[in-house]
Amino acid sequence: MKRGRILSGMRPTGKLHLGHYMGALENWVALQETYDNFHLIADYHALTTRLDTSRIAENTLEMLKDWLAAGIDPGRSPIFRQSRIKEHTELFLILSMLITAARLERNPTLKEQVRDLNLDNVGYGHLGYPVLQTADILLYKGELVPVGEDQAPHVEISRELARKFNRTYGEVFPEPKALLTQFARLPGLDGQMKMSKSLGNAILMSDEPDSIQAKLRKAVTDPLKVRKGDPGRPEVCLVFTHHTRFSKEQVPEIRAGCESGSLGCVECKRRCAQAIADQLEPFRQRRRHYDEHPDELADVLNSGEARAKDQAQATMAEVRQAMGLG
Ligand code: TRP
């Protein structure tokens with residue numbers, strides 16, 4: 001039976017943190033079992049919010065190492081850089097003719113980003129962000145796109161564009177669907193809603209146990225639990241949120257200890273850091289392997305890009321034929 005096709009992508013922002021892992025990567029690794037996956041490193045998309053490219057190569061390799069460390073199998077799933085496959089730009093241009101600027105200006109994800117980054121105006125390429133993302137998906141005939149809630153509006157635009165192309169020129173593309181990651185955001189260690197490297201409140205997938213302990217020691221807890229013995233409220237404590245994801249069967253005991261006061265925050269954080277470090281240990285080992293064998297990283301990209309290119313060229317041949325472009 002033909003397996004479904006998944007296209008997943010991330011912008012190369014360097015080393016990944018636990019929020020990336022829980023929110024996306026963990027799911028990608030699981031999906032490899034059931035689907036054919038293409039994994040895209042969206043380096044052109046990175047330009048929409050950052051023109052400085054001096055760290056893009058390094059950030060790409062750091063992210064790639066985290067993908068491999070987490071268990072993405074490059075033998076099964078091609079991993080490739082968007083900018084290495086010229087067909088992305090070609091399909092992007094064609095698709096941009098099929099959507100209005102007004103439709104793109106209404107995109108809530110874009111509006112949020114403009115607000116968060118305090119931009120007073122949006123660039124032409126940035127406005128086209130979801131059009132480029134659509135080219136990413138349709139070139140590989142992606143049927144499912146694993147994304148968080150915030151990306152769902154982009155995928156909606158991809159669906160509209162696939163329909164519009166098919167109606168105008170003939171049936172070439174499947175209509176992609178978002179595969180929403182069921183995941184409540186991992187909070188930052190400072191109590192902010194979201195873990196983020198730029199906010200400095202993140203645990204990196206590649207952090208060593210000592211540094212995880214040090215970061216956890218500084219984490220914000222229930223402000224009403226001042227010392228051991230005070231009853232705590234696990235539901236308002238971000239350390240407890242981390243326990244629920246990393247400490248598994250010990251969670252009921254930790255909850256009871258916090259609520260009764262018998263478990264102090266210092267010990268609770270130490271155990272939490274330990275649980276996280278234990279879970280990340282196999283990742284650190286795999287990462288070390290690639291640190292020591294950087295030539296293997298180049299091989300992963302080269303072979304992924306060759307496979308991606310075959311598919312992208314085949315799709316563009318169909319597109320040109322459907323459009324009568326010869
Ligand atoms: N917009 C995605 C993000 O910021 C990255 C991305 C680019 C992507 N192209 C894609 C995701 C195609 C899924 C499919 O996370």
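Remember, it's 1-based here, ligands and their atoms both numbered in the order they're listed. These numbers come from a predicted model, not from an experiment.
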Heavy-atom nearest neighbour in the protein, as seen from atom 9 (N) of ligand 1, with distance rounded to 0.1 Å: D136 OD2, 2.7 Å

Salt-bridge criterion met for R320 and E90 (N-O under 4.0 Å): yes

Q82-D136 side chain donor-acceptor pair, cut-off 3.5 Å: yes

Numbering as shown, the atoms of ligand 1 that approach L7 to under 4.0 Å (heavy-atom distance): 12 (C), 14 (C)

For H45, the ligand 1 atoms whose distance to one of its heavy atoms is below 4.0 Å: 7 (C), 9 (N)

Nearest-neighbour protein heavy atom for atom 5 (C) of ligand 1, which is reported as residue plus atom name and distance: G9 O, 3.7 Å

Atom 2 (C) of ligand 1: nearest protein contact (heavy atom, Å): Q151 OE1, 3.3 Å

H88 and Y44 aromatic centres sub-6.0 Å: no

Side chain, backbone, both or neither: the part of L132 lying under 4.0 Å from ligand 1 by heavy atom: neither

Proximity of Y129 and H45 rings by center, below 6.0 Å: yes

For A42, the ligand 1 atoms whose distance to one of its heavy atoms is below 4.0 Å: 7 (C)

R245 with E26: basic N within carboxylate O range, under 4.0 Å: no

S83 versus D43, side-chain donor and acceptor atoms under 3.5 Å: yes

N/O separation below 3.5 Å, Y129 to ligand 1: yes

Nitrogen or oxygen atoms of Q133 and ligand 1 under 3.5 Å apart: yes

For R11, atoms of ligand 1 separated by under 4.0 Å from a heavy atom: 4 (O)

For V145, atoms of ligand 1 separated by under 4.0 Å from a heavy atom: 13 (C), 14 (C)

Whether over 12 other heavy atoms sit under 6.0 Å from E235 CD: yes

Trace of the ring pair (Phe, Tyr, Trp, His ring centres under 6.0 Å) decision for Y140 with F80: CA-CA 12 Å; Y140 305 95; F80 56 100; 4.9 Å; yes

